[in-house]
Amino acid sequence: MPPRVRFAPSPTGYLHVGGARTALFNWLYAKRHGGIFVLRIEDTDIERSSTDMVTGILTSLTWLGLTWDEGPGVGGPHAPYFQTERLDKYRAAADALVASGHAYYCYCKPDDLKAKREAAEAAGSAWSYDRTCTRLSTEEIASRETAGHPRAVRFFVPEGVTTFTDLVRGRIEFARQNIDDFVILRSDGVPTYHLSVVVDDVEMEITQVVRGDDHISNTPKQVLLYEALDAPVPEFAHVPLILGPDKKRLSKRHGATAVGEYETRGYLPEAMINFLALLGWSPGGNQEVFSREELIERFTLDGISGGNAVFNPDKLDWFNQQHIVRLANDDLLHRIQTDLRLAGLWRDTLLNAEFAWASRVLDLLKPRARKLADLTAPLRTFLADEVVFDEAAVAKHLAGPEVRDHLHAWAEVVSGLPSLEPVATEAALRALAEARGIKPGVLIHGTRVAVTGQAVSPGIFDVLELVGKDRVVQRLRAASTI
Ligand code: GLU
């Protein structure tokens, strides 16, 4: 049977990098084994959930390419995939658990429970529900029902030990005496997380639950529910938390935590996926840069390590750079099209008549770009007629009548060259420098500032060839008269 896994976000915030990593591991596992990746929205916390957040989560997952086989928008055999549309199922399960003796109605008032808890705390003892409502007589129950007392449903936690095998942590034992008779359905008919998650995972035939380590203490309760519902217990894999570089739990303090922010900052989804995959999972070996297909091919749950994963923004930048270099240039042009339009640099011919040239320009610039947006400014040299000058660069390399005179002479040499093939151009520049008794650097730096406006650029002779002779000559002449 191919696996069925799920990502089950609560739409109480944006898609966080930790959630994205959980989604990714589930997705990779499903893809690796020809399984099904289910997306389920756990929106029972009505006050904290919103449709904007749902939209945000779906948008970020789609941007990452983590498309779901069943879930919002696509439907599936277990629809609906929003928990608020499945409340009748949880209520039916709670009733069934009461009928089978695994759960009971609790009429205790919140204020009474609070008072008991506070008294226990004041006496220094740990509080757990005292099972008052398991001792009610039939008459007492009937009178409460007649009077319309609100009732919650509590799970009756039997004595003993609950064990489960976690694919990351190994065998885990949990003494049930430490588990309270937890509420599974509140008096307003809304299920608690434990009930809804188990009912859905059972109904949606989930075979592996891959989720954050913060849920590990919930698992014993959920295992009890599976057993009480007479349902097969899935395998569990609890993924270590993501920490910031200071080894504290990753938070806004460390920078952007919402996936959407990385999209707007010019990160490639390919880089994000690669980076997130290696947070807590290791394919073995030294390879670090992986395509999506390679990740699918290599992914195993037992490659997830128990140690916490550290989110290193510099490493993410490095992955981004690596993936920018690997992008096909037509694809890259499509991705920077909006940035270029905003900068007034776009023209459609870049994708067709000018594509061969544009592609060479991008090959030259790509290795220096850490973000997509880093390409816009250097592309100006090639795509705009006006040069935007950096004042400091001008002051350093173009000031003084001598430099201008040298550049003027150099403009004339360039205009007489048959082409700007880099090796020949460099030889011509060095010959002129020698003839004028100056260091070649004077001409090289001056040319760079004259043509690009900046003090740094990729190899200047490659730049000159791609800017083209006419424009180089024109810019050298213009600079010699600044
Ligand atoms: N809705 C839960 C959360 O966002 C996930 C539950 C689970 O994966 O079991 O934390």
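These numbers come from a predicted model, not from an experiment. All ligand and atom numbering here is 1-based and tracks the order in the structure.
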Original post:
Which atoms of ligand 1 are found less than 4.0 Å from any heavy atom of Y193?
Top reply: 6 (C), 7 (C), 9 (O)
Original post:
Which atoms from ligand 1 have a heavy atom of V197 less than 4.0 Å away?
Top reply: 9 (O)
**OP:** Run the numbers for me: atoms of ligand 1, each under 4.0 Å from some heavy atom of R6, listed by number.
**Re:** 7 (C), 8 (O), 9 (O)
Original post:
Relative to F299, does R32 satisfy both conditions: NZ or CZ under 6.0 angstrom from the six-membered ring centre, and within 45 degrees of the ring's axis?
Top reply: no
Original post:
Given the side-chain rings of F275 and F311, with only the six-membered ring counted for Trp, is the space between their centroids under 6.0 Å?
Top reply: yes
Original post:
Are E118 and K116 ion-paired here, with the side-chain N under 4.0 Å from a carboxylate O?
Top reply: no
**OP:** List the closest protein heavy-atom neighbour of atom 10 (O) of ligand 1: residue, atom name, distance to the nearest 0.1 Å.
**Re:** H215 NE2, 2.9 Å
Original post:
Considering only protein heavy atoms, which is closest to atom 9 (O) of ligand 1, and at what distance to one decimal place?
Top reply: R211 NH1, 2.7 Å
Original post:
For atom 1 (N) of ligand 1, what's the nearest protein heavy atom and its distance?
Top reply: E42 OE1, 2.6 Å
**OP:** If you have a sec, work out which protein heavy atom is nearest atom 5 (C) of ligand 1 and how many Å separate them, to one decimal?
**Re:** A8 O, 3.3 Å
Original post:
Between Y29 and F37, does a ring-ring contact (aromatic ring centres under 6.0 Å, His included) hold up when you go through it step by step?
Top reply: CA-CA 9 Å; Y29 189 71; F37 175 55; over 10 Å; no
**OP:** Show which atoms of ligand 1 fall inside a sub-4.0 Å distance from at least one heavy-atom site of S10.
**Re:** 1 (N), 2 (C), 3 (C), 4 (O)
Original post:
Is any side-chain heavy atom of T134 less than 4.5 Å from a side-chain heavy atom of F156?
Top reply: yes
Original post:
Given W68, which of I36, N26, V74 fulfils the side chain to side chain contact (heavy atoms under 4.5 Å, CB included) condition?
Top reply: V74
